[in-house]
Amino acid sequence: MFELSEQKKQLLKTEGNLLVLGGPGSGKTTIALLKAKRIIEEEGIKRGQVILFLSFARATISRVEEQVGLLISDKIRSHLEINTYHGFIWNLLKCHGYLINSNAPIRLLPPPEAASRFANISGKQAREEEKYRLFKEEGILHFDLFARIGADLLSRSNALAKVISAAYPVVILDEFQDTNSDEWEFIKAIGKRSRLIALADAEQRIYEFRGADPARIGEYIKEFHPTQFDFGIENNRSKDTDIVQFGNDILSGKNIGRKYKNVHFLGYPFRQGYPHIDLKFTVLKARKKIIDAGRKDWSIAVLVPSKRLMLEISSCFSTVHTLANGNVIPQIKHEVALETAGPSLAAILIAGVLELGSQKQTNADRLIGDLCEHIRGRKGDETPSKADLDFSSALLEYIKSGKIRGKNRQLAIQECQRIMSESTKIEFTGNPGGDWITVRNLIKSSTSGYLKQVENDAHFLRLLHKGSILSINLSNLWKDYGNYSGATEAVRNALLQEHFSTSTRVWKGVHVMTIHKSKGKEFDEVFVYEGRYQGKIVRHDASKKEMDQARINLRVAVTRAKQNATIVTPSDDVCILLK
Ligand SMILES: Nc1ncnc2c1ncn2[C@@H]1O[C@H](COP(=O)(O)OP(=O)(O)OP(=O)(O)O)[C@@H](O)[C@H]1O
């Protein structure tokens with residue numbers, strides 16, 4: 001079992017609210033779970049009472065679950081709930097939402113549909129107002145409002161707040177430094193009666209853009225008077241390496257000119273036509289070394305500053321390259337955390353064709369409507385381009401007036417009509433996987449770029465594997481009706497379930513993700529990669545604030561490594577934090 005420092009042993013004995021500070025890998029999550037274990041086993045917890053471990057992201061939860069598996073027996077596991085703010089608050093609202101909104105039941109606005117609905121509302125203020133209006137007037141809840149509405153609920157109903165705190169007497173707050181103002185309001189409300197254990201590292205604050213505030217830890221101290229513990233630079237993740245030291249030195253710039261054990265730097269040259277091939281070689285080499293050493297359950301992460309670079313790397317890893325000298329560079333099997341809006345909206349469109357086609361009905365307007373949703377919402381939180389917005393507005397106008405101008409727009413309409421008509425001629429088989437691909441291929445046959453984009457996005461959907469809930473539900477529809485009537489609803493439900501599911505994901509093999517997504521995770525080998533033209537860790541002309549944020553981001557990235565961290569940067573334009 002783990003050996004604990006005196007300070008950690010002391011923490012286990014301390015009652016009341018706690019603030020647990022410490023650098024990357026200092027053991028904050030681990031000690032919080034051990035504390036939960038002790039509370040459950042020794043301090044006594046009543047039947048039905050649960051310790052809540054609150055995290056921001058589902059991906060972090062799977063990492064925490066891994067640790068729970070090592071530390072906590074199944075017997076006491078039932079007294080521990082690990083959930084996201086979204087998941088926990090949604091459960092509250094499902095049961096008690098009527099207390100703050102008479103539009104019962106409250107309906108959720110899933111992120112992909114929200115993206116499409118908000119596509120042409122510009123300005124933060126206007127978007128916020130529309131979110132509130134939707135909730136107040138129509139009872140439709142945008143995901144961004146969860147924490148604020150949850151806080152409202154607890155502060156308005158004393159009786160409910162008492163019930164919740166009786167059920168959750170202790171709440172552990174993971175990554176507390178990244179708490180935004182709405183989440184803070186929620187914490188203040190629940191902390192009135194429940195004990196709080198906040199885990200934080202101010203220097204891992206990488207969500208300032210979504211409202212994380214440097215003053216938050218101070219506010220917590222003022223409000224809850226916690227007993228404080230600081231594990232400083234204790235390093236349990238990458239023992240006997242200088243990885244944490246390097247991470248800390250990056251913050252002040254002390255790293256320049258120094259060497260660090262197990263921290264490597266690699267410059268890559270410009271290679272016409274093969275932009276990321278050096279990274280690919282490097283990862284292949286690292287993977288081979290691990291496999292040759294007979295290691296099982298290994299993990300490698302490639303962490304990049306931007307989503308666009310992540311997609312480029314993923315596509316490079318998925319390609320078999322043949323070099324000028326005839327050498328063949330194989331694919332690298334990997335996982336990539338893709339934006340889910342595009343694939344989700346593509347799935348809704350495909351389900352619509354499946355649903356109508358299998359009933360021998362055509363309704364091209366519905367397909368055109370689904371195509372508009374996809375065009376407007378496929379980039380998630382990013383606003384679509386003006387061209388895309390204009391295109392989708394023209395199609396929507398066509399649905400109303402039957403009029404459309406412009407070659408590409410007419411083509412999209414004709415293609416929707418053709419696809420609908422062709423879909424009624426398909427002999428569907430009742431095998432959801434096969435029928436899904438038949439529809440996808442029909443869409444692929446389109447000559448309209450916008451429909452091709454749907455087909456492209458649909459490849460990244462991971463909902464329809466054998467045995468999945470969606471696959472079973474579609475099979476059941478077929479059994480009941482002999483067609484796929486209700487397929488769209490089934491897909492929407494599956495997408496929502498996916499959003500709240502906290503099923504454990506195993507972080508093994510090669511992963512490509514943004515630095516932001518890597519927070520709270522750990523991998524054997526980490527490659528932090530920056531692009532040549534875009535996806536820089538920091539721009540040359542960055543402001544002081546941007547530079548400080550980039551230092552924090554780079555520290556988070558390298559300290560995800562257990563064994564080796566390698567920073568890969570263009571050799572003729574080395575990252576300015578390294579020189
Ligand atoms: N006392 C200990 N002895 C040995 N290993 C430990 C100990 N505490 C934690 N570890 C291991 O060190 C790693 C990092 O621990 P943990 O995730 O708890 O740190 P953290 O402070 O939450 O990290 P971060 O802030 O980077 O997310 C984990 O693999 C964990 O199993």
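Positions are given from 1 along the sequence. Atoms within each ligand, like the ligands themselves, are counted from 1 in listed order. Atoms considered below: every heavy atom in the structure, side chains included; atoms not considered: hydrogens, waters and symmetry mates.
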Under the side chain to side chain contact (heavy atoms under 4.5 Å, CB included) rule, what do T241 and F246 come out as? Steps first, then yes or no, please. CA-CA 10 Å; T241 77; F246 171 74; over 6 Å; no
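- A distance-only check finds no donor-acceptor pair linking the side chain of K579 to the backbone of I256 [under 3.5 Å].
- Under the 30°/60° scheme for interplanar angles, the aromatic rings of F118 and H142 are found to stand perpendicular.
- Checked by atom type and distance alone, the side chain of Q49 pairs as donor or acceptor with a backbone atom of A166 at under 3.5 Å.
- In this view, F231 satisfies the ring-ring contact (aromatic ring centres under 6.0 Å, His included) rule with no residue, not counting sequence neighbours.
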For a distance cut-off of 3.5 Å, show me each N or O of ligand 1 paired with any protein N or O, plus the separation.
from     : atom 1 : to   : atom 2 : distance (Å)
ligand 1 : 1 (N)  : E3   : O      : 3.0
ligand 1 : 12 (O) : N236 : O      : 3.4
ligand 1 : 17 (O) : R63  : NH2    : 2.9
ligand 1 : 17 (O) : Q67  : NE2    : 3.3
ligand 1 : 18 (O) : T29  : N      : 3.3
ligand 1 : 18 (O) : T30  : N      : 2.9
ligand 1 : 18 (O) : T30  : OG1    : 2.5
ligand 1 : 18 (O) : Q67  : NE2    : 3.4
ligand 1 : 19 (O) : G27  : N      : 3.1
ligand 1 : 21 (O) : S26  : N      : 3.3
ligand 1 : 21 (O) : G27  : N      : 3.0
ligand 1 : 21 (O) : K28  : N      : 2.9
ligand 1 : 21 (O) : K28  : NZ     : 2.8
ligand 1 : 22 (O) : T29  : N      : 3.0
ligand 1 : 22 (O) : T29  : OG1    : 2.6
ligand 1 : 23 (O) : G25  : N      : 3.0
ligand 1 : 23 (O) : R237 : NH2    : 3.2
ligand 1 : 25 (O) : K28  : NZ     : 2.7
ligand 1 : 25 (O) : Q204 : NE2    : 3.0
ligand 1 : 26 (O) : G25  : N      : 3.1
ligand 1 : 26 (O) : R237 : NH1    : 2.8
ligand 1 : 26 (O) : R237 : NH2    : 3.3
ligand 1 : 26 (O) : R560 : NH1    : 3.2
ligand 1 : 26 (O) : R560 : NH2    : 3.0
ligand 1 : 29 (O) : E522 : OE1    : 3.2
ligand 1 : 29 (O) : E522 : OE2    : 2.7

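- Aromatic ring orientation, W90 versus F146: perpendicular (interplanar angle above 60°, classes split at 30° and 60°).
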